[in-house]
Amino acid sequence: MKKNFYITTTLPYVNAAPHIGFALEIVQADALARYHKELLGEEVFFNTGTDEHGLKIYRKALEEGKNPQAYTDEYAPKFDKLKSALNLSYTHFVRTTDRHHVHAAQELWKRCATRGDIYKKSYRGLYCVGDEMFLKDSDLVEGKCPNHPTMDPIEVEEENYFFKLSAYREKLLEHLSKNETIIPERRRREAIQFVENGLDDFSVSREKQRLSWGVPVPGDETQVMYVWFDALTNYISTLGWPEDAEGSYKKFWENGVVVQTAGKDQIRFQSIMWQAMLMSAGVKTTDTVVYHGHIISGGQKMSKSVGNVIDPFEIVEKYGTDALRYWLLREAPTFEDGDFTLDRFKESYNANLANGLGNLVSRVITMASTNGVKTPGSGGLENDPALVPFWKCLDAFEIKKAADYVWQRIADADKKIDETKPFKLVKENPEGAKKILEELLAEVDKIAFMLKPLLPETSEKITGALQHPESVQPLFPRIGK
RNA sequence: CGCGGGGAGGAGCAACUGGUCGCUCGUCUGGCUCAUAACCAGAAGGUUGCAGGUUCGAAUCCUGCCCCCGCAACCA
């Protein structure tokens, strides 16, 4: 029986245009989703969306002279636009301002409260507006927030609700003891260390008078949920939890394989807090969280002031969707930071897309069609033993390695042409040449098949060209200097 | 002693469970001509940041030091 596969990205905050780092996350998720759906034939629920509550958005909206809802209504579609720009296959797009999501967040709160894990206490301390978090003395670096050294923490006293994270130490350690809970392994050790260093209960609400833009705390009109508590709930609210009228929650979360993708900075939120919240509410924990690296530009973090920000839409417009997908999936390390520069991007485009993949497809198809050799019927590739290394890479979330394998096959095919010289052989031994050309066509067909989750559009083009060789067009025209 | 990542041939990376330093791009030479000035072969190019130590043997382990990057905003 086929499994059901659930995959979700984190929800980007809508206070700025889509970042290429998020493009990386969602393209990785898309490749995995397509792999499970199109190659393994599983049913896939692929979620993404936008995180729309919290102080930063509230402020941003005020800055632009809009009310927060109008502001987010304007920004959310920009993220949905990534779908066509990057050829994404997500099936659901959740907004944390959706009515159902708000309801789900409140229900999750109630369950945690019923369990006795949410309590109210007066808290007085230093508060970092950047993180929207209270700071512990041990967090302070020279009196400032370590994450926001240029912002002065403010002295705040207020009554907040807290979540008893400290009560979940043992359960979290047990959860994290399973290898597959976090990919890659290094990050799992990081998470374990974080838990072992001691967990503090965290504040899960804000006084409404200070921040009204959030989900109301059930049963307390003076408080609004801390944005993280609300946002994390999206992973199950999108499935229809808690009512589960359509049965998706049961099907994909309880009885499916649950995978989340997130940036490497998200460990404490996704693998610690969220998992503890799920445990508290009596909901199954996430099976696997895959953490990717960040994309830097020219050796540095992208920033507007440095002027090295890469706009994913711009790259797509100039070089095409699959050119960017290719870079994100193969040129960037799957789990570590990747350095994007336009020069390197063009270089790898020419070397691997134009000269490698594009040229191979072009030479094989042209040669075959001028000699009247047709593509043998394909099919059954799902079980082709020759593709096992490819499956294994993707099963282990090693997307780059999977792509490396495809390009190894491309190189092998080029070598084979050179060694067997079918273009020459056809004069002396037409039958032998025909056989070789058929093998090459079959190999191109396999390459197209493996490319389905990685470069879906290119994959289709190749398949189409194999059927209609007369209409073959260059897949990736070379980029001039 | 704030935390973390990293220093490898011109560039980007693999090897980091110790045992001939590998790959891609670029460069040079040769081959080929089916193909998108593409493809194939070969070559040049590194005492693996520095200094010690452990070891028969270290890029890989230990110690000290130097340098770069991220940890403010925009932002994943």
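In what follows, chains carry the letters A, B, and so on, assigned in the order in which the sequence lines appear, proteins first and then strands, with residues in each chain numbered from 1.
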Mate of B:G2 where both pairing distances stay under 3.5 Å, Watson-Crick or G-U: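 The base-pairing partner of B:G2, which may sit in any strand shown, is B:C71.
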Watson-Crick or G-U wobble partner for B:G42, using a 3.5 Å limit on both distances?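 Its partner is B:C28.
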Do A:Asn47 and A:Tyr6 have side chains that get closer than 4.5 Å, going by heavy atoms?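 Yes. Closest side-chain heavy atoms under 4.5 Å.
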Please state whether the base of B:A38 and the side chain of A:Asn355 form at least one donor-acceptor pair under 3.5 Å?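 Looking at the base of B:A38, it does not pair with any donor or acceptor on the side chain of A:Asn355 (distance under 3.5 Å).
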Rounded to whole angstrom units, what separation is found between the [atom1] atom of [X] and the [atom2] atom of [N]?
X        : N     : atom1 : atom2 : value
A:Ile296 : B:C74 : CD1   : C1'   : 17 Å
A:Arg186 : B:G5  : CZ    : P     : 6 Å
A:Met302 : B:C75 : CE    : P     : 14 Å
A:Asn350 : B:G26 : CG    : P     : 9 Å
A:Ile295 : B:C75 : CD1   : C1'   : 12 Å

A cation-pi test, strictly: NZ or CZ of A:Lys81 under 6.0 Å from the centre of the six-membered ring of A:Phe313 and no more than 45 degrees from its axis. Yes or no?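 Verdict for A:Phe313: a cation-pi partner in A:Lys81.
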State whether A:Tyr349 and A:Lys346 meet the cation-pi test: NZ (Lys) or CZ (Arg) under 6.0 Å from the six-membered ring centroid, and within 45° of the perpendicular axis.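 Checked: cation-pi criterion not met.
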First of A:His294 and A:Ile410 reached from the 5' end of RNA chain B, by closest nucleotide: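 Nearer the 5' end of the strand: A:Ile410.
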Same-atom distance (P) from B:U60 to B:U48, integer angstrom: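 It works out to 9 Å between them.
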Inter-nucleotide C1' distance (B:A8, B:A15), Å rounded: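 It works out to 11 Å between them.
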Out of [options], which has the shortest distance to the side chain of [X]?
X        : options             : value
A:Lys301 : B:A38, B:U36, B:G70 : B:G70
A:Arg344 : B:G12, B:A76, B:U36 : B:G12
A:Ala354 : B:C32, B:A76, B:U36 : B:U36

With a 4.0 Å cut-off on heavy atoms, is [X] in touch with a base, just the backbone sugar-phosphate, or nothing at all?
X        : result
A:Lys421 : nothing
A:Gly358 : base
A:Pro333 : nothing
A:Asn371 : nothing
A:Leu360 : nothing
A:Gln300 : sugar-phosphate

Hey, what do you get for CD1 (A:Ile182) to CD1 (A:Ile192), rounding to the nearest 0.5 Å?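 Reported to 0.5 Å precision, the distance equals 7.5 Å.
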